[in-house]
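What you see is a predicted model; the values in this text were computed from it and never measured. Just so it is clear, the values below take in all heavy atoms, side chains as well, and ignore hydrogens, waters and symmetry mates. In the text below, chain A, chain B and the rest are named by the order of the sequence lines, each starting its count at 1.
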There are 2 protein chains.
Amino acid sequence: MRVVSLDTAGGDAKVHDQVYDALADALIKGQIPPLNPVSLRTLAANLGVSPMPVREAVRRLIAEKALELQPSNKRLRVPDLTEKRVLQLTKAREWVEPELAALATPRMTKDAIRRLRDDDAKLMKALSSGDVGGYMQANQDFHFCIYAQADADLFYDLARTLWLQVGPFMRVVFGRLGTVQLPKDHHQDMIAAFESGDPEAVRASMQSDVREGMEMMLDVIRSRAEPEPKRRRAK
Amino acid sequence: MRVVSLDTAGGDAKVHDQVYDALADALIKGQIPPLNPVSLRTLAANLGVSPMPVREAVRRLIAEKALELQPSNKRLRVPDLTEKRVLQLTKAREWVEPELAALATPRMTKDAIRRLRDDDAKLMKALSSGDVGGYMQANQDFHFCIYAQADADLFYDLARTLWLQVGPFMRVVFGRLGTVQLPKDHHQDMIAAFESGDPEAVRASMQSDVREGMEMMLDVIRSRAEPEPKRRRAK
DNA sequence: AACGCGTCGATGTGATCACAATATACGCGC
DNA sequence: GCGCGTATATTGTGATCACATCGACGCGTT
């Protein structure tokens, strides 16, 4: 199964941007597991383009730490997460995402709030049916629907790069825990806070939401004495 | 005068990394003014390499928003700063850099503090002699000497990308204000706080330092009704 | 002298070729 | 059967070529 594919919609979009979007999407959804090797030519062949635009997309993802180049050998792969790194990612997410949510609060439209309810419904549905992919998609849609309203592109992009780094690991977390024992999210509280227009309540809900998610990830990181060296190759 | 040059030291460092370092250094020091056009081939010729590694370095800098591609026409240039963007950069810097300083506090070695004193001395010297380049260099050394001690690479890199974005504009600020009427920095307070090992005092000093610098920048942004369309080409 | 239009040059982008370095697979010897 | 060295394949990197597109400049006309 190919986990990456090109969006063949727009005609004049740069190829390397399409490749970037495809790769970023696959990463943020956790479709490419940590430590999974990636090669320029293989990707290029799968996407039906020359290695050139793939190089540019990959260079960009490396800059965002969504991919890494192994030091001695020069293989390209999805980075692994250390405990130290998770703690930093947690701190960063606990700052930007509540900030974005607070900024978005006075700008939330009725339509956006409706989309939030819709996304949360999809999320609950995916949760009860054990659909990990659907859960991650709905959760991502929920959060970034909020962040898009904040009108703060620098913070938005920062949040994006942070999700790009935690994405591959979220799938691992669900693999260990399953969707059954997920703690209750704070989406309902958040929606209520949006409707009453209380930025600080929104901020608090978002921070709890982020914190609890990252605590789960931290537990998984700590619990793996040694990661199984089994590597699946996503092609 | 060529504002970018390759570090010809290490032999096995990738060329595109050297190009990146050279460009990033020039940008962070404000040696390339905002809106200054940049071209792959010109840079490649100046650096004595093929356009290929320059493309990769530039792609990385675009990802970090240190360079931008004009939308309709496809020229490459140093981004301009809007008021909205400065406000976001201020918020971000006021969070990461005090955080880094606080993290660095218990890890500060005698040697690092000595370097701080040294950098601050250079800074004062450059200030009194009106040496803008020397001032920016010393200020950068001072801050990143601290950040390097924090042992938090995610935050460190974030601070770096933020400086990359404000760098070109700092030079503009000094061009408007001159080095004479700079407000007193908080470097002395900070050094004292480091020596007494008080993270919160360090954090407060750093935040004031960042805030006042960014307020100066914001004033300059606001004061320019229309920027002079005069563009110098740095070659 | 001012304006319009066409040409030329320069730009970013993509494809292809070449190369050194390394991982992987294979086969030989023990 | 197992260890190890060699050979092959694949990797990322850099250079060069080709091309569509846009800006700049100059010439011509009014």
Side-chain angles (χ1 to χ4, degrees), chain A residues 4 6-8 10-23 32 35-63 65-79 229-235, chain B residues 4 6-8 10-23 32 35-63 65-79 229-235:
Chain A
V4 287
L6 246 50
D7 176 29
T8 54
D12 61 341
K14 309 291 183 200
V15 179
H16 70 258
D17 278 326
Q18 299 181 36
V19 173
Y20 172 83
D21 288 339
L23 275 174
I32 311 180
L35 295 183
N36 191 293
V38 165
S39 96
L40 300 183
R41 287 173 178 85
T42 304
L43 276 175
N46 285 134
L47 296 172
V49 298
S50 87
M52 197 66 237
V54 180
R55 279 166 73 170
E56 308 209 26
V58 161
R59 188 62 57 193
R60 197 170 149 193
L61 287 165
I62 292 177
K65 292 176 213 325
L67 290 178
E68 72 175 1
L69 223 49
Q70 302 188 52
S72 75
N73 64 4
K74 46 196 186 182
R75 296 292 291 269
L76 198 58
R77 68 178 183 185
V78 179
K230 197 79 63 57
R231 297 177 308 179
R232 283 188 313 111
R233 189 183 198 94
K235 58 169 193 291
Chain B
V4 286
L6 246 50
D7 176 29
T8 55
D12 61 341
K14 310 290 183 197
V15 179
H16 71 258
D17 279 325
Q18 299 181 35
V19 174
Y20 173 84
D21 288 338
L23 275 175
I32 310 180
L35 295 183
N36 191 291
V38 166
S39 96
L40 300 183
R41 287 173 177 85
T42 304
L43 276 175
N46 285 131
L47 295 174
V49 298
S50 87
M52 196 67 238
V54 180
R55 280 166 71 171
E56 309 209 26
V58 162
R59 187 62 57 193
R60 198 169 149 193
L61 288 165
I62 292 176
K65 294 177 211 324
L67 290 178
E68 73 176 359
L69 224 50
Q70 301 187 55
S72 75
N73 64 6
K74 46 204 187 174
R75 297 289 293 269
L76 198 58
R77 68 178 183 187
V78 179
K230 198 79 61 58
R231 297 177 309 183
R232 282 187 313 109
R233 189 184 199 92
K235 60 170 189 287

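Comparing dG14(C), dT11(D), dA15(D) by their closest approach to the side chain of Arg75(A) singles out dT11(D). Listed nucleotides: dG14(C), dG14(D), dT11(D). Nearest to the side chain of Lys74(A): dT11(D). Comparing dG12(D), dA20(D), dT16(C) by their nearest atom to the side chain of Leu76(A) picks out dG12(D). Counting only heavy atoms from C-beta on, Arg41(A) has its side chain closest to dC19(C) among dG12(C), dC19(C), dG14(C). The side chain of Glu56(B) lies closest to dG14(D) when the candidates are dG14(D), dG12(D), dT16(D). Ranking dT11(C), dG14(D), dT13(D) by closeness to the Ser50(B) side chain, first place goes to dG14(D). Distances from the side chain of Met52(A) to the nucleotides dA20(D), dT13(D), dA15(C) place dA15(C) closest.
Of the residues near DNA chain D, Leu40(A) and Pro53(B), the one whose nearest nucleotide (by heavy atom distance) lies more toward the 5' end is Leu40(A).
Side-chain atoms of Gln18(A) come within 3.5 Å of backbone atoms of Ala13(A) as a donor-acceptor pair (strictly under, hydrogens ignored).
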Practice item. Tell me, with the steps shown, if Val78(B) and Leu35(B) meet side chain to side chain contact (heavy atoms under 4.5 Å, CB included). Key: CA-CA 5 Å; Val78(B) 179; Leu35(B) 295 183; over 6 Å; no
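Side-chain N/O atoms of Ser39(A) include none lying less than 4.0 angstrom from OP1 or OP2 on dT10(D).
Qualifying side-chain hydrogen bond (donor to acceptor under 3.5 Å, both in side chains) partners for Arg59(B), counting only residues two or more places apart in sequence or in other chains: His16(A), Glu56(A). Residues meeting the salt bridge (charged side-chain N to carboxylate O under 4.0 Å, His left out) test with Asp21(B), sequence neighbours left out: none.
No N or O donor and acceptor, one from the side chain of Arg59(B) and one from the base of dG12(C), sit under 3.5 Å apart. At a cut-off of 3.5 angstrom, counting only N and O atoms as typed in the model, there is no donor on one side facing an acceptor on the other between the side-chain of Arg55(B) and the base of dG14(D).
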